[in-house]
Novice: 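The structure under discussion is supplied below as structure tokens; questions concerning it will follow.
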Amino acid sequence: MEKLAVRENPNVVRKFRLFLPFVACIVMEELDQLQIHFEGDSLFLMNVSLAVIMFGVALDIRLGDFKRIWRRPKPFFLGISAQFLLLPALTWLLVSVIQPIPSVALGMFLVAACPGGNISNFLTHLAKGNTALSVSLTAFATLSSVLLTPLNFALWSDLYGPSAELLTQIRLDYTEVFQTVGLILGIPLTLGIYVNRKRPLAARKMATALKPLSVLVFITIVIVAFYSNFDLFTRVIGLIFSIVLLHNLLALLSGFFLAKMGRLPLTETKTLTLETGIQNSGLALVLIFTYFEGLGGMSIIAGWWGIWHIVSGLLLATAWKYKTAVSSLAA
């Protein structure tokens, strides 16, 4: 792919700088033109790491997790709606309001189109939420993302003019995207569920070792990828942090308010909030480095999402845990 040359829209930049005045000195088009190089063995290792992470997640999934859905379908369908319908729509609304540069908008749309992240199960357990529901949502959302992630990304990014224009220059082949998502998510999940069904004790031992190791390898690879562009990253961190902060807050609130509208109990409200606010940014990064050649705005948005959603999720889960403990003592 040739280096992208996107014309800066004066109206977009002016509105964006009014929204975030402290970044007015940044050359906005620099992110659209930047490509973070990440290919060959490093890209292959990143794909393998994400596949191993998904395999480790699946080792904790039982077929009973899916059967549980049909006994209480309301929380499940509200969770899926928050993940794949409400969050992408609200992301488009946020993008329309702040009007970021095209590559940043694409990063936001891609993160919103990804399924929930695997740490949502741990955070739900920490928050005293419905862990069984969390596992069911993560499993189903990840499997369905083989189709829904490319479709959602194509739909919403096409509705924002600047990102749609940028996509025409990239010439993205969605058939290949479907195949990649299927390989990285679908196959490891299927294998993990099969191993757990046939060898549950072995699956438990493998999950204990695989998940922390694969996550550590994945984070190391991402850090190395960004190190060569450290100077630009430090210059735009204020901009990126503000956008990701707003976007993540929007994701958390969308799950929370949809659960409230559905009159779900607090345990399930916690679950939907965390499931919607924790996104699989690792999948987003793999797709960005594979099909967008590490396009700057997309890469930094997805990379910072991967850091910030852990921080916000831990803060929220800990607050809920503390509140539950205080309420129990008061009772």
Side-chain angles (χ1 to χ4, degrees), residues 1 4 6 8-9 12-13 16 19-20 23 26 28-38 46 50 87-115 117 145 149-150 152-170 172 174 177 180-181 222 225-226 229 232-233 235-251 277-310 312:
M1 184 177 71
L4 301 172
V6 181
E8 185 179 271
N9 186 324
V12 169
V13 174
F16 195 35
F19 180 75
L20 295 170
V23 298
I26 295 176
M28 299 299 292
E29 69 271 19
E30 194 170 355
L31 273 177
D32 274 339
Q33 296 175 358
L34 173 71
Q35 292 174 322
I36 297 177
H37 298 290
F38 199 71
M46 185 181 230
L50 184 58
L87 177 57
L90 290 177
T91 298
W92 173 81
L93 183 61
L94 177 62
V95 166
S96 299
V97 170
I98 67 174
Q99 296 195 6
I101 56 175
S103 64
V104 168
L106 283 179
M108 295 171 69
F109 288 130
L110 184 56
V111 167
C114 287
S145 68
T149 291
N152 254 336
F153 175 70
L155 171 65
W156 295 104
S157 58
D158 194 53
L159 292 178
Y160 179 60
S163 61
E165 180 184 351
L166 183 54
L167 277 178
T168 61
Q169 299 178 43
I170 296 172
L172 186 62
Y174 283 101
V177 177
T180 299
V181 176
V222 173
F226 281 102
N229 297 274
L232 179 65
F233 180 75
R235 290 168 55 198
V236 301
I237 186 59
L239 161 69
I240 297 303
F241 178 76
S242 300
I243 294 175
V244 170
L245 178 68
L246 279 173
H247 195 196
N248 181 242
L249 180 62
L250 188 68
I278 304 298
Q279 294 295 94
N280 193 336
S281 55
L283 173 62
L285 283 171
V286 166
L287 294 176
I288 290 165
F289 286 123
T290 303
Y291 297 106
F292 299 89
E293 296 191 2
L295 187 59
M298 294 185 77
S299 302
I300 297 177
I301 284 287
W304 189 248
W305 243 97
I307 297 170
W308 177 248
H309 73 172
I310 297 174
S312 64

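Keep in mind it's a predicted model, so treat the numbers as computed, not measured.
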Novice: Do Phe292 and Leu167 touch side chain to side chain, with heavy atoms closer than 4.5 Å?
Specialist: yes

Novice: Has the side chain of Thr149 got a donor or acceptor atom that lies under 3.5 Å from a matching backbone atom of Ala113?
Specialist: yes

Novice: Quick check: closest heavy atoms across Cys114 and Gln279, and the distance to 0.1 Å?
Specialist: O-NE2, 2.9 Å

Novice: Evaluate whether atom CH2 of Trp156 has more than 12 neighbouring non-hydrogen atoms of other residues, nucleotides or ligands under 6.0 angstrom away.
Specialist: yes

Novice: With the side chain counted from C-beta on, respond yes when Gln99 and Tyr160 share a heavy-atom pair under 4.5 Å apart, and no when they do not.
Specialist: yes

Novice: Atom CG in Leu94, atom CD1 in Ile243: separation rounded to 0.5 Å?
Specialist: 8.5 Å

Novice: For residues Met108 and Thr91, report the shortest heavy-atom separation together with the two atoms involved.
Specialist: O-CG2, 3.7 Å

Novice: Of the non-hydrogen atoms in Leu106 and Phe153, which two are nearest, and what is the gap between them?
Specialist: O-CE1, 3.5 Å

Novice: Is the distance between the ring centroids of Trp308 and Phe241 under 6.0 Å?
Specialist: yes

Novice: Considering all heavy atoms of both residues, which atom of Gly107 and which atom of Ile301 are nearest to each other, and what is their separation?
Specialist: C-CG2, 3.8 Å

Novice: Using 0.5 Å steps for rounding, measure from the CD1 atom of Ile288 to the CG atom of Leu283.
Specialist: 9.5 Å

Novice: Closer than 3.5 angstrom, by distance alone: can the side chain of Ser157 be matched with the main-chain N or O of Ser163 as a donor-acceptor pair?
Specialist: no

Novice: Just wondering, do Asn152 and Phe109 contact through their side chains at under 4.5 Å, heavy atoms?
Specialist: no

Novice: Which heavy atom in His309 sits nearest to a heavy atom in Ile278, and how many Å separate them?
Specialist: O-CD1, 3.2 Å

Novice: Can you name the nearest heavy-atom pair linking Ser312 to Asn248, along with the distance?
Specialist: OG-OD1, 2.6 Å

Novice: Measure the spacing between CG of Leu250 and CG of Leu90 and express it to the nearest 0.5 Å.
Specialist: 4.5 Å

